[in-house]
Amino acid sequence: MSPVANELVGKRAVVTGGTQGIGAAIVERLHQGGAMVMTAARRPPENRSDAALFVEADLSTAAGVTRLAEAVLEQLGGVDILVHTVGGTSASPGGALALTDAQWQADLDLNLFPAVRLDRALLPSMLEQGSGVIVHISSIQTRMPLKETVAYAAAKAALKSYSKALSNELAPKGVRVVAVAPGFTATDAAERLLERMAREAGSDRDAALQVLMSSLGEIPMNRPALPFEIAEVVAFVVSDRASYLTGTEITVDGGTVPTL
């Protein structure tokens, strides 16, 4: 059998936000590798897949995280792989001055606190077994923040910093922590962002795409990432092939970030 078919056999995985976009691709890829996968989202996907056990929970709330953590411990008995994919923004474009306190808090609640809370709830099981891998899906916006999504970028920067601090604490105890930073990726959420930008600017989707691409300084590979390409990187990170990899951020952006 190929590594794709058996490299994660016997592993218990949790993927937040695993019903669409990058999260769904990660769920499918870990399932292909043989892992037992549990995921959570605010509502069940329209087309349910057998690739994952599903928990309906709003992970932007403490109660939602508790609901998922309890299900993980009850149904899986612990966790070997924890991938934090849930994130996004509902704040209107317009820059920092257009954002209210509530919008700032909403982006922190969605992009930072689910990881902090779920790590805190599930890490004891990893520490008890002396092994585990945590992946935080960050963003190239930690280095290239956009005016249209300033609160999201700041929340992801906080997640990146937290990820590094956590890796330093856990590395001596057998638990690895890695951040993966996708660039512009062709997902439904990206399409919704483009539609919102077009609405605010009184333009259309293609014009909004050009604005977004220009704000990124263009993508040398001349296309957005596809979700499965991010999932392949995550699959490597959580496998034993990456056993010496921790405390870093892997950028998957087609060359967008112009610095080393």
Do side-chain atoms of T149 reach the backbone of Y152 as a donor and acceptor pair under 3.5 angstrom?
-> no
Taking only residues at least two apart or on different chains, which pairs with a member in residues 238-260 satisfy ring pair (Phe, Tyr, Trp, His ring centres under 6.0 Å)?
-> none
Min side-chain heavy-atom separation V14-V83 under 4.5 Å | no
Using a 3.5 Å cut-off and no angle test, enumerate the donor-acceptor pairs between side-chain atoms of residues 95-103 and protein atoms at least two apart in sequence or in another chain.
residue, atom, partner, partner atom, Å
T100, OG1, A102, N, 3.4
T100, OG1, Q103, N, 3.1
Q103, OE1, T100, N, 3.0

Working for side-chain contact (heavy atoms from CB on, under 4.5 Å), residues L123 and L166 = CA-CA 11 Å; L123 262 172; L166 189 65; 4.1 Å; yes
Contact list for residues 100-146, test ring pair (Phe, Tyr, Trp, His ring centres under 6.0 Å), sequence neighbours left out | H84-H136, H136-Y162
Mind jotting down which residue pairs meet the side chain to side chain donor-acceptor pair (under 3.5 Å) criterion with at least one end in residues 13-25? Sequence neighbours excluded, please.
-> none
Just jot down the side-chain contact (heavy atoms from CB on, under 4.5 Å) partners of P182, sequence neighbours excluded, or say none.
-> I22, I137, T185, I230
Could you tell me whether the side chain of M38 reaches within less than 4.5 Å of the side chain of Q75, counting heavy atoms only?
-> yes
Using atom types as modelled and distance alone, determine if a side-chain donor or acceptor of S167 lies under 3.5 Å from a backbone N or O of V177.
-> no
Is there a side-chain contact between M126 and L82 (heavy atoms, below 4.5 Å)?
-> yes
What one should report as the nearest heavy-atom pair of T187 and G21 is CG2-CA, 4.0 Å
Looking only at heavy atoms, the pair that brings S60 and R117 closest together is O-NH1, 3.7 Å
Please round to the nearest 0.5 Å and tell me the distance separating atom CZ of F184 and atom CD of Q141.
-> 10.5 Å
Quick one: closest heavy-atom pair of G18 and V27, and the distance?
-> O-CG2, 3.6 Å
Partners meeting side-chain contact (heavy atoms from CB on, under 4.5 Å) with T142 (sequence neighbours left out) = K156, A157, K160, E249
Flag the pair V79 / L73 as yes when at least one side-chain heavy-atom distance between them is below 4.5 Å, and no otherwise.
-> no
Before giving the answer on side-chain contact (heavy atoms from CB on, under 4.5 Å), spell out for L68 and T39 the whole-Å C-alpha distance, their side-chain angles and the decisive distance to 0.1 Å.
-> CA-CA 8 Å; L68 173 58; T39 190; over 6 Å; no
Sequence neighbours excluded - salt bridge (Lys or Arg N to Asp or Glu O under 4.0 Å) pairs with any residue from residues 72-89 = R12-D80
Any donor-acceptor pair under 3.5 Å linking the side chain of T66 with the backbone of A62?
-> yes
Sorted by chain and number, sequence neighbours left out, side-chain contact (heavy atoms from CB on, under 4.5 Å) with A207 holds for S203, D204
Would you sort out whether D253 and I219 count as a side-chain contact (heavy atoms from CB on, under 4.5 Å), showing the intermediate values?
-> CA-CA 8 Å; D253 69 344; I219 301 173; over 6 Å; no
Any side-chain heavy atom of V238 within less than 4.5 Å of one from L8?
-> yes
Without swapping roles, check the side chain of D240 against the backbone of S243 for a donor-acceptor pair under 3.5 Å.
-> no
Atom CD1 of I81 and atom OG of S131: how far apart are they, to the nearest 0.5 Å?
-> 10.0 Å
Keeping the roles fixed (side chain from T89, backbone from D107), state whether a donor-acceptor pair exists under 3.5 Å.
-> no
Among the clusters formed by ILVMFWY side chains lying less than 4.5 Å apart, do V65 and L53 turn up in the same one?
-> yes
Any side-chain heavy-atom pair of V133 and V175 under 4.5 Å = no
same_hphob_cluster(L59, L76) at 4.5 Å side-chain heavy-atom cutoff = yes
Is it true that R29 and E232 make a salt bridge, defined as a side-chain N closer than 4.0 Å to a carboxylate O?
-> yes
Of the non-hydrogen atoms in V55 and A71, which two are nearest, and what is the gap between them?
-> CG2-CB, 3.7 Å
Heavy-atom closest pair, residues E7 and S239 | OE1-CB, 3.9 Å
Got a donor-acceptor contact below 3.5 angstrom from the N111 side chain to the G88 backbone?
-> yes
Do the side chains of L245 and V178 get nearer than 4.5 Å, heavy atoms only?
-> yes
Between the CD1 atom in I134 and the CG atom in L122, the distance rounded to the nearest 0.5 Å is 8.5 Å
Identify, with sequence neighbours excluded, every residue that meets side-chain contact (heavy atoms from CB on, under 4.5 Å) alongside A106.
-> none
How about T251 and R143: do any of their side-chain heavy atoms sit closer than 4.5 Å?
-> yes
Going by side-chain heavy atoms closer than 4.5 Å, which hydrophobic residues are tied to L226, directly or by a chain of links?
-> F228
If you look at every heavy atom in A13 and A35, which pair is closest and at what distance?
-> CB-CB, 4.3 Å
Please list all pairs passing the side chain to side chain donor-acceptor pair (under 3.5 Å) test where one or both residues lie in residues 221-230, with sequence neighbours left out.
-> R223-E229
Can you list every pair that meets salt bridge (Lys or Arg N to Asp or Glu O under 4.0 Å) and has a residue in residues 166-194, with sequence neighbours left out?
-> E191-R205
